[in-house]
Amino acid sequence: MTGIYGEHIREPFAWTESETAKGQTTWEKQTVSGANRANANVQTETGQENSMLSTYRMLISWRNELPALRDGDLKNVETLNPAILSFLRRSAQQSVLVLHNLSGQPQEVPLDTEDLRFRENN
């Protein structure tokens, strides 16, 4: 996890607000400090419904619960909206349509299957 060619790609994970807490990784100096560190650590974000940690935990639980997200094949889906990244995950048990809004603004996507273009090339 030291990065490629000396680049600072990853840094030690912040478990608590303290940089010197027991169990905190010390192999590389962390760039997150002060107020940023106070808000960006496991101890602080645990139990916060809208935290990044809670979002990742929710996504991981979906992957664990839904066979298509865990084991399904991947098929691109074109929504005709460039702000939306979309794909279909299919397993023997189910299909799940995944839509990611990359714009930072609310988007509308018609879900009529005639408006969705499934590409077979992947």
task = Output the distance between atom NZ (K75) and atom CG (L97), rounded to the nearest 0.5 Å.
result =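 The NZ atom of K75 sits 11.5 Å away from the CG atom of L97.
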
inquiry  = Check whether S61 reaches the backbone of M58 with its side chain - one donor and one acceptor, N or O, closer than 3.5 Å.
reply    = yes

request  = For E78 and L80, indicate whether the former's side chain and the latter's backbone hold a donor-acceptor pair under 3.5 Å.
outcome  = yes

note = Contacts of T46 meeting side-chain hydrogen bond (donor to acceptor under 3.5 Å, both in side chains) (sequence neighbours excluded), chain-then-number -> none

ask   = Who passes side-chain hydrogen bond (donor to acceptor under 3.5 Å, both in side chains) against S54, sequence neighbours left out?
value = S51

query = If you link I, L, V, M, F, W and Y whenever their side-chain heavy atoms are under 4.5 Å apart, who else ends up in the same group as L102?
reply = L85

Between [X] and [Y], which heavy-atom pair has the shortest distance, and what is it?
X: L74; Y: R89; result: CD1-CD, 3.4 Å
X: S91; Y: A68; result: OG-N, 3.6 Å
X: M52; Y: E45; result: N-OE1, 3.5 Å

task = For E49, enumerate each residue passing the side chain to side chain contact (heavy atoms under 4.5 Å, CB included) test, keeping only those at least two apart in sequence or located in another chain.
result = none

message = Enumerate the side-chain hydrogen bond (donor to acceptor under 3.5 Å, both in side chains) contacts for residues 98-108, please, sequence neighbours excluded, ordered by first and then second residue.
response =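 As it turns out, the side-chain hydrogen bond (donor to acceptor under 3.5 Å, both in side chains) pairs with a partner in residues 98-108, which skip direct neighbours, are N81-Q107, N101-S103, S103-Q107.
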
note = So side-chain hydrogen bond (donor to acceptor under 3.5 Å, both in side chains) across residues 62-73, not counting sequence neighbours, yields D73-R90

task = Check whether L53 and I60 end up in the same hydrophobic cluster, where Ile, Leu, Val, Met, Phe, Trp and Tyr are linked by side-chain heavy atoms less than 4.5 Å apart.
result = no

task = Determine whether V42 and Y56 fall in the same hydrophobic cluster, where Ile, Leu, Val, Met, Phe, Trp and Tyr are linked whenever their side-chain heavy atoms lie under 4.5 Å apart.
result =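 As far as the 4.5 Å side-chain criterion goes, Y56 and V42 are not connected within one cluster.
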
message = I'd like to know whether N76 forms a side chain to side chain contact (heavy atoms under 4.5 Å, CB included) with L88, so could you lay out the CA-CA distance, the side-chain angles of the two residues, the decisive distance to 0.1 Å, and finally the verdict.
response = CA-CA 6 Å; N76 282 331; L88 185 68; over 6 Å; no

